[in-house]
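So the structure is just underneath, and the comments pick up after that.
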Amino acid sequence: MLLMQPQENNGLATLSLFSGGGGLDLGFDLAGFEHLGSWEIMDEAAATLRAARPEWQVHGSGDGDVRGVDWRTYRGNVAVLHGGPPCQPFSHAGRQRGSDDPRDMWPEYVRAVKQVRPDVFVAENVAALVSAPFSTYVDETIMRPLSGLYTITPVIVQAYEFGVPQLRRRVVFFGFRSAALAKRWRPPEPRFRRPGTLDTGTAETMGLRQALGLPSIGFDDVSPTIRSTLTGPRHTTSVLSSVSAQRKFEQLQVWPNGVAATREAASAFVAKNGHFRLSVPDVALIQGFPESWQFTGAVYMQLGQIGNAGAPPVAYAVARSVASAFSK
Ligand SMILES: C[S@@+](CC[C@H](N)C(=O)[O-])C[C@H]1O[C@@H](n2cnc3c(N)ncnc32)[C@H](O)[C@@H]1O
């Protein structure tokens with residue numbers, strides 16, 4: 001089943017902040033939105049976007065930093081402003097310092113929304129952001145500054161429910177500037193269920209082994225959450241996110257450390273326990289990227305962009321749900 005059937009151009013312009021390797025950008029692109037610009041501070045990620053879509057206007061490296069940009073030049077031209085502000089300040093994999101973390105870019109995101117005044121804003125982040133420890137933060141930083149201008153609904157999305165072979169819970173904030181848009185909007189609808197679970201009328205998503213085309217071992221399940229290699233120890237090439245993830249990879253007989261640049265390199269460098277060694281294209285597939293979307297930079301940089309990304313099929317479902325609010 002094709003997860004992201006390209007849609008015809010819908011004439012709605014999107015502005016992307018914190019674009020990374022382009023998970024959200026790709027989802028919106030395939031859902032038919034027009035790309036107005038991407039802003040991303042990391043050279044390699046900007047290079048990934050430029051290579052994938054040479055016609056896009058990508059502000060990267062020298063001019064990609066969102067801090068200090070006067071966004072008012074975009075006012076009146078943007079249907080959807082979307083972005084995934086860095087999630088390390090709130091991630092279970094990080095130290096959860098929230099607003100005390102210098103990487104906290106939510107205030108910048110909110111500033112951009114207030115200056116651009118898009119019809120809709122979409123912001124993706126780790127689900128931990130809407131857990132109890134951050135409720136005051138969310139209230140003060142996101143809801144209070146924006147709820148006078150926008151009707152805001154946070155929605156929890158689970159990647160495997162959108163066909164991605166991975167356990168990945170995220171929150172997506174949807175903000176609508178007009179009551180009519182808010183009224184017409186329907187949240188993205190899950191279409192898949194986890195392998196081996198009760199049939200609820202949705203299709204079973206692929207397990208990790210099936211997605212990777214590995215022979216049957218009589219057991220399959222979705223991949224544990226892929227960790228970004230840009231969080232934690234520098235230059236790591238492990239996508240392991242937790243102890244429970246390690247157990248799950250062991251059950252699945254997949255080796256998530258020392259991820260190789262290519263499938264050829266992975267198969268030439270057999271893991272000690274004989275489990276299947278992952279490569280960059282495998283990890284991209286686990287995140288729901290099509291093979292045609294190539295990442296730029298050293299292996300840890302490519303893995304960082306992939307692990308940081310909004311899974312494109314989820315982004316596509318999010319984008320289509322937003323598009324539906326515009327169709328009368
Ligand atoms: C969670 S990732 C976003 C992933 C992206 N939404 C996707 O779907 O692929 C956050 C991104 O914000 C970028 N970033 C951090 N600080 C920034 C800044 N001041 N200006 C622009 N980008 C920044 C990081 O380099 C990182 O790529």
Side-chain angles (χ1 to χ4, degrees), residues 4 14-31 33 35 37-53 56 58-71 80-94 101-112 121-129 157 159 162 164 166 168 170-173 225-232 234 283-284 286-290 293-297 300-319:
M4 298 185 285
T14 59
L15 183 63
S16 163
L17 267 61
F18 310 107
S19 314
L24 291 182
D25 290 37
L26 174 60
F28 273 86
D29 178 55
L30 292 174
F33 286 81
H35 185 269
S38 288
W39 294 74
E40 166 56 49
I41 203 169
M42 207 165 60
D43 289 4
E44 290 84 349
T48 295
L49 297 172
R50 289 191 185 111
R53 294 286 188 272
W56 279 4
V58 177
H59 300 267
S61 45
D63 68 342
D65 193 337
V66 301
R67 287 169 293 187
V69 174
D70 183 350
W71 299 108
V80 184
L81 186 154
H82 66 74
C87 49
Q88 290 91 338
F90 313 99
S91 167
H92 285 304
D101 195 309
R103 291 166 299 186
D104 179 20
M105 286 288 143
W106 268 100
E108 281 297 323
Y109 180 86
V110 168
R111 185 178 71 83
F121 75 78
V122 169
E124 191 247 18
N125 223 277
V126 290
L129 181 61
V157 289
F162 297 90
V164 178
Q166 188 190 157
R168 191 177 183 86
R170 289 293 186 265
V171 61
V172 180
F173 288 85
T225 307
I226 294 297
R227 186 179 72 88
S228 166
T229 54
L230 297 172
T231 325
R234 273 304 191 194
V283 178
I286 299 171
Q287 191 71 306
F289 278 96
W293 197 269
Q294 298 282 311
F295 296 87
T296 301
Y300 82 94
M301 271 292 181
Q302 297 190 40
L303 292 173
Q305 293 166 52
I306 298 168
N308 260 344
V314 177
Y316 176 85
V318 162

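We use all heavy atoms of the structure for the numbers below, so side chains are in, but hydrogens, waters and symmetry mates are not. Counting starts at 1 for both ligands and their atoms, following the listed order.
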[X]: numbered ligand 1 atoms lying under 4.0 Å from its heavy atoms:
| X | answer |
| --- | --- |
| R67 | 19 (N) |
| G20 | 27 (O) |
| M105 | 19 (N) |
| G64 | 20 (N), 21 (C) |
| G84 | 1 (C), 2 (S), 3 (C), 6 (N), 10 (C) |
| G21 | 9 (O) |
| G23 | 7 (C), 8 (O), 9 (O) |
| G310 | 7 (C), 8 (O), 9 (O) |

Does any non-hydrogen side-chain atom of [Y] lie less than 4.5 Å from one of [X]?
| X | Y | value |
| --- | --- | --- |
| H35 | D25 | yes |
| W71 | W39 | yes |
| S38 | R53 | no |

Which atom pair, heavy atoms only, marks the closest approach of [X] to [Y]?
| X | Y | answer |
| --- | --- | --- |
| A46 | G60 | CB-CA, 3.6 Å |
| H82 | T14 | CD2-CB, 4.0 Å |
| N308 | R168 | C-NH2, 4.4 Å |
| A159 | Q166 | CB-O, 3.7 Å |
| W293 | L49 | CZ2-CD2, 4.1 Å |
| S228 | G304 | OG-O, 3.2 Å |

Which one of E40, Q305, E44 has a non-hydrogen atom at the shortest distance from atom 25 (O) of ligand 1?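 Looking at heavy atoms only, E40 sits closest to atom 25 (O) of ligand 1.
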If we only count N/O pairs under 3.5 Å, is [X] in contact with ligand 1?
| X | value |
| --- | --- |
| D65 | yes |
| L24 | yes |
| M42 | no |

Ligand 1 versus A309: contacting region, heavy-atom distance under 4.0 Å: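 Under 4.0 Å from ligand 1, A309 contributes backbone and side-chain atoms.
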Side chain, backbone, both or neither: the part of E108 lying under 4.0 Å from ligand 1 by heavy atom: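 It is neither part, as no heavy atom is under 4.0 Å.
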Taking only non-hydrogen atoms of S19, do any sit less than 4.0 angstrom from ligand 1?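 Distance cut 4.0 Å: S19 passes for ligand 1.
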With sequence neighbours left out, write down each residue that passes side-chain contact (heavy atoms from CB on, under 4.5 Å) with A47, or none if nothing qualifies.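 Partners of A47 by the side-chain contact (heavy atoms from CB on, under 4.5 Å) criterion, ordered by chain and then number, come out as T296.
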